[in-house]
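Inspection log for the structure reproduced underneath, given as structure tokens.
A quick note: this is a predicted structure, and the numbers were derived from the prediction, not measured. In what follows, every chain begins at residue 1, and chains take the letters A, B, ... in the order their sequences are listed.
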Amino acid sequence: MAYFHLPVCISPQNSFPDVNLSQIRESRNNLLEVIEPPYPGLPAAARRRMGKSVRMAVGAALPILEKFPQPDGIVIATANGGMEDCIKFLNQILEYNEGLLTPANFVQSTSNAGAAQIALVSKNHNYNITHVHRGLAFENALMDIIMLLKENKDAGYLLGSTDEISAYNYNIDRIAGCFRKEPVLNTWLFQSKAKGTMAGEGAFMVLMNNQLQGASAELNAVKTMHSTDPHQVLRTLEKFVSENFIHGEWPDLLMTGENGDERLLPYFDIVESFMNESIPVARFKHFCGEYCTASSFACWLSMQIFESGEVPVLMIKNGRNEKPIRRILIYNNYREAQHAFILISKVKIQNSKFKSKK
Amino acid sequence: MSRIFITGMGLISAIGDSVEENRDSLQHSRSGIGHIQFYQTAYAGRLPAAEVKYSTVELNKKLFGKPNPSITRTSLLALHAVEEAIRDSGLTKEEVSSTDTALVGATTVGGMCLTDELFNDANAKSGGTPYLSSYDYASVTMAIQEHFGISGEVGTINTACSSSANSIIYGARLISHGFARRVIVGGAESLAKFTINGFNALNILSSKPCAPFDRDRSGLNLGEGAAFLVLEREEDLKGKKAYAVLSGFGNKNDAYHPSSNSPNGLGPFLSMKEALESSGLNAGEISYINAHGTGTENNDETESRAMIRLFEKVPPFSSTKSFTGHTLGAAGAVEAVYSILSLVHQELYPSLSFQFPIPETGLIPVRNFFKQPMQHIMSNSFGFGGNCSTLIFSKT
Amino acid sequence: METAELKRQLKEQIIHFLNLTTVKPEDIKDDEPLFGEGLGLDSIDSIELIVLLSREYGINIQDPKEGRKILKDINTMVDYIEKNRTK
């Protein structure tokens with residue numbers, strides 16, 4: 001369907017430039033903040049205009065652009081990208097009573113700043129879009145890519161996501177009750193039963209095309225829904241499985257966005273109960289934290305699993321690394337009402353039976 | 001792939017709270033730009049804007065019959081327009097809530113029209129206002145999803161001033177690729193200190209009613225409104241009325257500067273060119289262009305250059321922002337509705353406040369309302385970040 | 001304040017205001033153009049500098065085009081500040 005190439009992930013874990021998921025970096029002050037690389041290819045003139053989420057997005061895109069300088073389009077997902085600049089501008093408005101204000105924060109705060117800056121630094125005039133639908137922004141971007149690659153079979157697109165923990169966004173979500181009130185470590189997130197999760201952030205960039213050769217993974221299917229009824233979620237899952245698996249077949253791994261918030265457990269319980277009990281279950285949000293586009297981290301993680309051949313032990317909830325992992329079903333839930341299913345699979349190894357799709 | 005038809009439209013703006021009312025204003029050159037009456041800002045009386053002529057309390061009453069504390073003005077405008085679009089399209093309740101009905105919204109302000117509440121919550125000044133989940137862009141689309149029970153794919157797009165043109169494009173493609181059978185697409189925007197001060201800080205707000213494409217233009221006026229369209233496949237029409245076909249579209253990036261177009265309007269040129277190519281039409285077949293035409297020095301000159309470059313003979317064009325102001329995230333959809341009205345009724349709406357052409361380009365927009373046979377209409381939306389989108393609508 | 005000190009202060013303010021994190025005050029030459037070449041500032045920066053002049057020196061420049069003349073380089077800016085500051 002659509003193939004992932006050259007994935008780059010900037011996250012709170014050791015994910016870039018080197019990957020090491022055998023250890024887990026701990027949270028601090030109930031936050032999982034990214035380790036930002038130095039971004040050597042990012043010109044200072046551009047960097048000064050970038051808030052963190054834009055900087056992460058552009059920084060993650062640069063290594064890909066080095067190898068593929070002119071993607072046929074740039075598709076970015078972000079829900080709160082630019083929020084920090086937004087509120088900085090707002091603070092200015094109130095501090096100076098709508099008087100003389102500096103526009104840089106305003107210009108930098110628009111959601112499409114990430115996609116725009118990537119286009120600017122690479123002089124890319126092609127398709128350019130920003131999806132912002134909260135916990136399903138990344139899934140919308142995936143669907144956009146699936147459509148683009150059917151419309152343009154020989155094209156290559158830059159797909160990415162970015163979201164940051166901005167002080168202001170964090171305040172809003174904290175007051176809304178999203179996060180754990182008591183201090184907790186990410187390593188203890190699932191063991192402690194309580195309301196709320198832990199904030200995280202990250203950026204993910206990848207090249208998408210129809211080339212199987214050299215791909216890190218294949219994107220098979222995406223499905224999203226809105227509901228606060230676990231049974232409706234189950235019905236959607238049943239349909240998703242029946243559409244994507246031959247009767248009796250199952251994915252080799254279920255990866256869920258369980259995030260330590262006990263209020264969401266009914267959804268994860270119903271999804272896990274439906275799956276065949278032989279299927280191992282893994283979780284990822286104690287690694288990356290909760291943020292709107294966290295499902296991109298799950299996709300990146302899947303690619304790491306395909307490459308290494310096993311699930312990082314610290315991510316396993318049920319089961320063991322026994323059978324080869326070829327197909328991963330990701331189920332993510334954002335703030336209860338938004339649900340997504342993504343099917344991602346290991347690329348079939350080239351041999352004489354298969355023709356290269358060139 | 002099946003042809004995509006527009007079967008329903010809903011619209012609320014400074015010039016009317018229905019499609020028909022808007023059309024009436026357009027026909028009679030009744031602009032909605034004036035003093036800010038409802039929104040609290042230091043610029044009321046100093047900067048003209050095009051407000052929807054209802055207070056938020058009144059909008060709430062119109063929709064819900066009673067105040068609803070956690071729904072923002074932007075969402076109220078959106079709900080109003082979606083309701084009209086659904087009614088107009090004749091979709092049944094079952095169809096609206098069917099899993100094959102998708103929804104794609106757009107906004108650049110979202111719930112950030114509530115400056116004081118946002119400031120308080122973002123700076124943790126109090127225990128939290130009722131709007132904690134209503135600030136982001138998705139909140140508007142989610143309000144629609146919840147109110148109408150949309151159970152298909154839902155998305156929100158923010159590409160600044162081209163947002164709802166892109167929600168129309170994305171929505172149409174969802175149908176073409178089988179992710180949905182029908183889709184409700186559009187955008188909504190309300191006045192906010194955030195955008196008033198933002199655009200003012202960039203020196204692109206005019207202290208007079210905007211004069212798109214005029215030599216002496218001095219900037220844009222902000223506007224508010226919401227427009228939503230129902231898109232369906234040709235094979236699902238079954239004799240139902242359809243207004244127009246979405247026959248082509250383009251999405252390109254100017255990649256020159258974060259908040260202005262390149263001097264020769266490359267992004268706008270590429271966007272219009274791509275729309276033409278995707279429709280299979282020649283430039284000469286475009287009967288009229290609903291221009292982006294914000295009234296800023298930069299946009300109007302660069303859009304003019306792009307039109308001159310693409311068209312051997314620039315077709316009649318005008319900017320309806322001279323009626324509605326610049327409705328930002330809603331502009332693409334608002335102007336799509338106006339383009340479709342033009343097509344259905346075979347009439348052209350003027351660019352108000354125009355007196356003298358831009359000396360460097362010499363283009364003169366349509367200045368009076370008149371009837372004219374038309375086949376294909378192009379609508380432009382160009383936003384910050386170089387995001388340029390173009391739609392082409394054709395007669396059914 | 002002496003001119004030399006004002007020049008240094010202004011350079012530090014420009015660096016801070018425009019987030020020029022890789023530039024030091026000694027990197028900015030007094031007669032080097034701020035826009036286009038030299039420091040390579042753009043239209044958003046010119047607006048930001050006008051705000052800087054207002055907030056730090058009480059100078060209000062209404063016409064952005066006049067502003068570009070004043071903002072040509074450090075020398076022209078300091079000259080204007082010395083003649084027009086109200087703070």
Side-chain angles (χ1 to χ4, degrees), chain A residues 49 73-74 79-80 86-87 89-94 97-103 106-113 115-117 119-120 122-134 136-137 140 143-144 146-147 150-151 167-169 171-176 224-227 335 337, chain B residues 41-43 99 108 112 115-116 118-119 121-124 127-128 132-133 135-139 141-142 145-146 150-151 153-160 166 170 173-174 176-177 179 193-194 196-202 251-259 266-267 270 383-387:
Chain A
R49 287 257 167 87
I74 296 167
N80 64 18
C86 201
I87 309 293
F89 189 66
L90 190 69
N91 288 345
Q92 255 201 87
I93 292 172
L94 287 157
N97 247 315
E98 295 191 84
L100 193 61
L101 308 175
T102 58
F106 175 66
V107 175
Q108 283 154 216
S109 71
T110 55
S111 287
N112 61 333
Q117 284 288 346
L120 260 175
S122 58
K123 287 263 157 271
N124 190 299
H125 296 293
N126 298 323
Y127 183 80
N128 191 295
I129 195 130
T130 305
H131 291 277
V132 298
H133 196 62
R134 210 179 278 177
L136 299 178
N140 275 307
M143 286 190 283
D144 205 342
I146 290 171
M147 297 194 289
K150 285 200 177 132
E151 291 158 5
Y168 305 110
N169 225 51
N171 278 337
I172 292 168
D173 290 343
R174 182 179 55 76
I175 298 169
T224 75
M225 62 175 296
H226 292 71
S227 176
R335 306 260 299 251
Chain B
T41 163
Y43 291 100
T99 52
T108 69
M112 294 193 288
T115 318
D116 296 330
L118 177 57
F119 177 82
D121 286 336
N123 289 289
L132 289 166
S133 302
Y135 295 121
D136 69 352
Y137 317 106
S139 65
T141 321
M142 306 251 314
Q145 184 274 317
E146 221 179 282
I150 307 288
S151 65
E153 297 293 343
V154 182
T156 310
I157 289 172
N158 185 345
T159 52
N166 281 326
Y170 180 69
R173 289 162 62 232
L174 285 177
S176 300
H177 289 274
F179 282 106
K193 279 185 193 166
F194 187 65
I196 295 170
N197 284 275
F199 283 98
N200 193 48
L202 285 165
N251 172 319
K252 290 294 208 190
N253 199 282
D254 194 54
Y256 174 77
H257 185 273
S259 56
L266 179 61
L270 291 173
F384 277 9
N387 280 120

Main-chain N/O of Thr41(B) paired to Lys193(B) side chain as donor or acceptor, under 3.5 Å: no
Heavy-atom distances under 4.5 Å only: say whether [X] touches chain A with side chain, backbone, both or neither.
X         : result
Leu118(B) : both
Ser139(B) : both
Gln145(B) : side chain
Asn387(B) : side chain
Phe179(B) : side chain
Asp136(B) : side chain
Asp116(B) : side chain
Thr159(B) : both

What part of [X] is in contact with chain B, defined as an atom under 4.5 angstrom from a non-hydrogen atom: side chain, backbone, both or neither?
X         : result
Ala113(A) : neither
Phe89(A)  : side chain
Leu101(A) : both
Ala137(A) : neither
Met143(A) : both
Ser109(A) : both
Leu94(A)  : side chain

Tell me, out of [options], who's got the most heavy-atom pairs with chain A below 4.5 Å.
options                                    : value
Asn200(B), Thr108(B), Ile150(B), Leu174(B) : Leu174(B)
Ala160(B), Gly386(B), Gly267(B), Gly383(B) : Ala160(B)
Ala122(B), Ala138(B), Ala201(B), Ala255(B) : Ala122(B)
Leu132(B), Ile157(B), Ile196(B), Asn251(B) : Asn251(B)
Ala124(B), Gly198(B), Gly385(B)            : Gly198(B)
Phe119(B), Tyr137(B), Tyr43(B), Phe194(B)  : Phe194(B)

Residue selection (most heavy-atom pairs with chain B, distance under 4.5 Å) from [options]:
options                                    : value
Leu136(A), Ile74(A), Asn126(A)             : Asn126(A)
Ala167(A), Ser111(A), Ala116(A), Ala119(A) : Ser111(A)
Glu151(A), Gln92(A), Lys150(A)             : Glu151(A)
Asn124(A), Val132(A), Ile93(A), Ile129(A)  : Val132(A)
Val107(A), Ile146(A), Asn140(A)            : Asn140(A)
Asn97(A), Thr102(A), Leu100(A), Asp144(A)  : Asp144(A)

Just how far is it from atom [atom1] of [X] to atom [atom2] of [Y], taken to the nearest 0.5 Å?
X         : Y         : atom1 : atom2 : value
Thr130(A) : Asn166(B) : OG1   : CG    : 9.0 Å
Thr99(B)  : Glu153(B) : OG1   : CD    : 10.0 Å
Asn169(A) : Asp121(B) : CG    : CG    : 11.5 Å
Thr115(B) : Glu98(A)  : OG1   : CD    : 7.5 Å

For Tyr168(A), side chain to side chain donor-acceptor pair (under 3.5 Å) partners two or more places apart: Asn91(A)
Minimum heavy-atom separation for [X] and [Y], please, with both atom names.
X         : Y         : result
His125(A) : Lys252(B) : O-CD, 3.2 Å
Ser133(B) : Arg335(A) : OG-NH2, 3.3 Å
Tyr127(A) : Arg173(B) : OH-NH1, 3.2 Å

Heavy-atom neighbours of Glu146(B) CD exceed 12 at 6.0 Å: no
Non-neighbouring partners of Phe384(B) that pass ring pair (Phe, Tyr, Trp, His ring centres under 6.0 Å), sequence neighbours left out: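 So Phe384(B) forms a ring pair (Phe, Tyr, Trp, His ring centres under 6.0 Å) with Phe199(B).
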Validation row: Leu202(B), Phe106(A) side chains within 4.5 angstrom (heavy atoms):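 A side-chain contact under 4.5 Å exists here.
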